[in-house]
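All chains are named by letter (A, B, ...) in the order of the sequence lines, taking the proteins before the strands, and each is independently numbered beginning at 1.
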Amino acid sequence: MSSQFVMTSILPPSPISPTVNPIQLILPNLPNLPNLPNLSLMPDMPKAYEPGAHEDQVYKDWEQSGFFNPDNLPGERKEPFSMVLPPPNVTGTLHMGHATMLAIQDLMVRFERMRGKKALWIPGTDHAAIATQSKVEKLLIEGGMKSPRHTLGREKFLDEVNKFAQESHDTIVNQCKKMGSSLDWSREAYTLDAERNHTVNVAFKKMYDDGLIYRGYRVINWDPLGQTTISDIEIIYKEVEATLYTFKYSKDFPIAISTTRPETKVGDMAVAVNPKDARYKQFVGMTFGNIPFAGTTISIKVVADDSVDPEFGTGALGVTPAHSLIDADIADRHGLTLKQVIGEDGRMNEVAGPLVAGKTTKEAREIVASWLKEQGLIEAEEKTIQNLATAERSGGTVEPLPKLQWFISASKEFDRDGKKATLKTLTQDAVRSGKVKITPERFEKAYFQWVDNLRDWCISRQIWFGHRVPVWYRKVGKVGEVREVGEETFVGTSAPEGDGWVQDEDTLDTWFSSGLWTFSTLGWPEKTNDLKTFHPTSVLETGYDILTFWVVRMVSMTTYLLGEVPFKEVYLHGLVRDEQGRKMSKSLGNIINPLDMIAKYGADATRLSLVIGSTAGNDVKLSEEKVAGLRNFTNKLWNISRFVLTTVGAQALGVRPEATGTTLADRWIMSRFEETVSKTVRFLENKDYSAAGETLREFTWSEFADWYLEIAKIQRTDATLLVSTDANLRFILNGIIRLWHPFMPFVTETIWKEMGEKGMLIIEPYPTSSGARDEEAEAQFETVRSVITSIRAMRADYKVEPAKEIVAVISAGAQAELLEANASLIRRLARVGELTIAADAAKPEGSMSAVGTGFTIHIPLAGLVDMAKERTRIEGEIASARKYIDGTEAKLTNKEFVGKAPEKVVAEMRAKLAEAQLKLSALEVQLKAL
RNA sequence: GGGCGGUUAGCUCAGUUGGUUAGAGCGUCACAUUGACAUUGUGAAGGUCACAAGUUCGAGCCUUGUACCGCCCACCA
């Protein structure tokens with residue numbers, strides 16, 4: 001029974017929380033009030049946003065709403081958006097890399113959900129076969145058990161692993177929720193649960209029946225420490241120092257060879273030379289038999305093979321077919337037999353001869369080397385750097401050796417749509433045809449580099465934790481007559497009928513089941529509604545480091561089994577590094593735990609820190625300061641809302657105000673809002689999340705909070721502007737809360753509640769914009785803003801107390817009317833008591849001046865103005881203006897520039913020149929006046 | 001050995017098909033602060049865009065080369 005160790009329990013239903021949010025006690029009392037709010041009903045918002053006080057409750061509310069499940073979403077939603085969560089390994093807890101993935105994916109799915117799509121994001125975990133089993137084994141050994149597998153036996157050992165996996169799973173689920181992930185828990189899957197086991201078995205059987213899966217006796221990567229085979233990509237190369245010996249097998253042998261592993265030479269079957277190598281041509285085809293070598297006897301054939309580099313070493317390669325993957329290939333081409341001299345325990349076996357039998361390879365290496373020395377066979381001995389193959393999980397030194405294993409063929413041909421295809425060509429075509437788009441595009445190269453060299457994939461593992469190979473064997477033969485006449489094989493989704501069947505002991509590589517993930521989670525092989533609606537999935541978002549491990553395999557297996565791609569797009573994020581760019585690791589002690597960050601700064605700030613400042617495919621450097629900085633922003637957003645809600649009120653939020661009768665500032669902020677919406681949406685559609693976030697932050701903080709809110713305070717003192725100003729404040733607040741939601745779901749949903757909105761923000765429509773801007777208002781407001789900023793700068797320059805009112809005279813030419821119309825803003829925001837604005841105003845005695853584009857500001861500061869300092873400053877400004885004018889004039893008098901540059905560029909430059917000249921003459925006037 | 005990135009302010013990074021006097025956040029400095037917010041406000045300083053040559057009217061951006069840093073693949077036996 002393969003299901004005995006399958007984990008089925010997934011998740012208890014969320015209990016309905018007995019706690020009642022105090023805010024909800026107030027809000028139902030908010031009827032449709034007349035325009036002026038009743039202050040006593042205003043929400044009582046604390047001064048600072050405390051994430052810990054809201055996040056868990058908000059998440060529970062979302063879960064209870066059922067909106068994570070697309071079947072429950074309101075309205076008619078036709079277009080699907082689907083995504084699978086790359087299942088985290090049940091080996092422990094989530095790290096910042098997982099947090100990044102959750103932040104980006106949740107952003108994607110919330111955005112699409114708000115845009116009215118049938119949005120589905122499927123959660124799940126990966127049993128991570130070798131990784132989990134070795135982790136549990138290690139823990140048991142640390143706990144005092146010497147040989148856990150031996151002591152416990154298969155069933156009890158698996159109980160331990162499953163227990164650990166369950167605990168890990170619970171932790172992971174909790175962490176996903178803490179991050180605010182809007183995952184549809186009702187569809188949660190596990191790569192090793194009963195349904196996925198069925199999928200795996202069906203897939204295995206189909207591929208076996210089609211000849212894509214086969215069993216073969218071949219040289220594989222053996223991990224003597226983990227006691228299992230591993231695939232090529234589970235190998236990590238480490239540089240170690242080694243001795244390269246050059247020697248002859250015997251005095252009479254005509255060719256010398258080199259090796260760093262003399263002990264394997266007792267298994268040599270041939271010497272390979274390049275066919276073009278004149279030195280050895282005469283020996284090709286000859287066999288030298290009965291060579292006494294290190295206590296045994298070997299027989300060496302000289303073969304010619306193109307893969308041998310005549311320039312390297314002696315130009316001859318000793319072929320050890322059983323213990324080198326390359327040699328195995330050569331042996332295969334020349335029909336040499338595999339002579340296994342190293343056993344699965346990593347020691348030399350009987351075949352290796354009495355001199356080394358039973359010794360470890362390391363011991364044997366010394367023994368054979370001394371034997372060679374004694375015999376005087378060594379011609380050279382030198383130190384080199386060798387890339388030692390080690391197993392990713394156990395750290396053991398990988399020993400290539402021949403073994404009967406299960407493989408998936410990359411090159412077996414089959415018919416696909418009337419054409420010949422292989423797994424390799426299917427995988428290549430998926431990306432080449434554009435059916436799968438990889439973002440960033442440059443990773444397509446890495447994809448092809450891997451796929452073009454796709455080799456047969458060894459999928460069987462000698463571990464217990466995993467999907468057991470769905471193959472049964474039975475000895476065939478008449479009892480009592482001949483033993484083991486043959487073996488009968490049965491491949492199926494469950495055990496065959498009849499007696500004597502024994503299931504294959506091995507389990508499958510964990511990537512076999514994860515390769516089926518996009519459709520195993522949707523009910524395949526049944527033709528479910530989910531599969532029809534949501535497959536192929538819209539996008540796969542994952543780290544670039546598992547492109548080859550996982551993405552390639554998903555494309556291979558899905559295109560083969562389903563005849564369609566697993567996803568339309570792959571979006572790859574970078575790795576999270578520390579502030580110095582180092583990988584986060586336990587040994588460096590630089591790990592930032594996402595849960596710590598959430599506890600300290602909130603989930604929203606943590607998410608934002610992983611999204612802002614990171615671009616597709618590039619690593620993110622994370623520091624606690626960055627998270628803290630973004631926590632400040634969440635608090636800013638909270639306080640913006642607090643201001644609007646407590647002073648203006650919550651009514652009529654979201655209703656677009658009438659444009660008539662509004663001020664320049666009103667027109668400006670509405671225009672900026674339109675621009676912000678269209679830019680944000682465009683960036684989100686292009687998956688440029690950092691740019692979207694920065695656009696929003698810029699608008700929220702630098703435009704809405706710093707300028708419009710301050711102006712609103714002034715406008716609200718004017719009874720004729722009160723209603724329209726409030727309407728604007730509400731509308732824009734409502735808009736930014738929606739815009740921010742996919743980035744910062746908790747604080748925005750909390751504010752939404754404070755606003756007294758009935759439904760939940762999670763399903764509100766995302767703002768849209770025609771992109772129509774009021775360019776006149778933007779330009780005019782820019783002038784007003786620039787006047788205010790200039791006055792503030794002058795004050796700061798002369799250390800005038802911010803509260804103190806000053807006198808200002810502005811000479812503004814054609815812009816005098818505009819500034820006059822906004823004089824009250826200038827007075828209040830720049831703290832000007834007596835303000836004179838004229839087309840051409842004279843400079844008062846003893847004043848300092850600042851020249852802007854189209855205006856000059858004078859501030860009389862009797863006795864305070866340092867004339868020498870003023871002169872230096874103005875001279876400096878004149879110098880830079882001259883330099884600019886000279887450069888620009890040079891360009892404009894250059895016929896080639898005027899002739900070849902686009903008209904628009906030339907016209908812009910002329911306008912800039914005129915502006916600069918105007919400024920220069922104004923500066924010169926100022927200098928003279930001094 | 002093959003390939004892919006990167007090098008822009010003290011730090012972390014943007015910079016869209018080449019076109020204003022290169023931007024942001026953090027940090028720094030100065031000033032301020034009981035009415036949304038010190039998790040704040042206002043203002044300022046700070047850059048030969050790694051280096052060299054080339055293409056172009058024009059280069060942070062394109063080409064070639066050099067240097068340094070990081071990663072992936074191969075595994076020379």
Reckon A:Ala628 touches a base, only the sugar-phosphate, or nothing at all at heavy-atom distances under 4.0 Å? nothing

Pairwise C1' distance, B:C73 and B:U20 [rounded to whole Å]: 45 Å

Can you see which heavy atom on A:Ser641 is nearest to which on A:Leu733, and at what distance? OG-CD1, 3.6 Å

Among B:A77, B:A36, B:G3, the one nearest A:Arg642 by side-chain distance: B:A36

Does the A:Arg642 side chain pair with the main chain of A:Tyr49, one donor and one acceptor, at a distance under 3.5 Å? no

Which is true for A:Leu325 with a 4.0 Å heavy-atom rule: it touches a base, it touches only sugar-phosphate, or it touches nothing? nothing

Using 4.0 Å as the upper bound for N to carboxylate O, is an ion pair formed by A:Lys265 and A:Asp268? yes

Once you round it to whole Å, what is the distance between C1' of B:C75 and CG of A:Asp309? 13 Å

Mind checking if A:Lys636 touches a base, just sugar-phosphate, or nothing, with heavy atoms under 4.0 Å? base

Among B:U39, B:G43, B:C75, the nucleotide that comes nearest once only the side chain of A:Thr789 is considered: B:G43

How long is the line joining CH2 of A:Trp638 and C1' of B:A36, in whole Å? 12 Å

Between A:Glu915 and A:Lys919, is the salt bridge (charged side-chain N to carboxylate O under 4.0 Å, His left out) condition met? List the steps. CA-CA 6 Å; A:Glu915 215 170 72; A:Lys919 185 171 176 176; over 6 Å; no

Please verify the inter-ring angle class for A:Trp638 with A:His54; under 30° counts as parallel, over 60° as perpendicular, anything in between as tilted. tilted

Starting at atom CG of A:Asp604, determine the distance to atom P of B:U39, rounded to an integer number of angstrom. 19 Å

Sugar-phosphate or base contact per nucleotide [nucleotides 14-24 of chain B; S, B, -; heavy atom under 4.0 Å]: S----BBB---

Write down the distance between NZ (A:Lys799) and C1' (B:U42), rounded to a whole number of angstrom. 13 Å

Sugar-phosphate, base or nothing in reach of A:Asn894, heavy atoms under 4.0 Å: sugar-phosphate

Any side-chain N or O of A:Trp701 below 4.0 angstrom from OP1/OP2 of B:G41? yes

Side-chain contact check for A:Asn639: nearest option of B:C75, B:A36, B:G2 is B:A36

For A:Ser641 and A:Trp450, take the nucleotide of RNA chain B holding the closest heavy atom to each; which residue's nucleotide lies nearer the 5' end? A:Ser641

Report which part of the nucleic acid A:Glu710 touches: base, sugar-phosphate, or nothing (heavy-atom distance under 4.0 Å, all strands). base

Looking at the rings of A:Phe683 and A:Tyr689, which for Trp means the six-membered one, are their centres under 6.0 Å apart? no

Can a salt bridge be assigned to the pair A:Arg795 and A:Glu801 using a cut-off of 4.0 Å between side-chain N and carboxylate O? no

B:C73, OP1 or OP2 - any side-chain N/O from A:Asn453 closer than 4.0 Å? no

Would you mind telling me which of B:C37, B:G3, B:C75 lies closest to the side-chain atoms of A:Gln449? B:G3

Please determine if a side-chain N or O atom of A:Lys713 lies less than 4.0 Å away from the OP1 or OP2 oxygen of B:A36. yes

Name the closest nucleotide to the A:Asn387 side chain, picking from B:A74, B:C4, B:U42. B:A74

Pick base, sugar-phosphate or nothing for A:Tyr49, based on heavy-atom distances below 4.0 Å to the nucleic acid. nothing

Heavy atoms from C-beta onward define the side chain here; which of B:G70, B:A36, B:A77 lies closest to that of A:Arg577? B:G70

Classify the angle between the aromatic ring planes of A:Phe743 and A:Trp740 as parallel (below 30°), tilted (30 to 60°) or perpendicular (above 60°). perpendicular

Take A:Lys626 and A:Thr259, find for each the nucleotide of RNA chain B with the closest heavy atom, and name the residue whose nucleotide sits nearer the 5' end. A:Lys626

Within the structure provided, determine whether A:Ile235 and A:Thr390 are in side-chain contact (heavy-atom separation under 4.5 Å). no

In whole angstrom, what separates A:Arg455's CZ from B:C73's C1'? 13 Å

Under 4.0 Å from OP1 or OP2 of B:G43: is there any side-chain N or O of A:Arg792 that close? yes

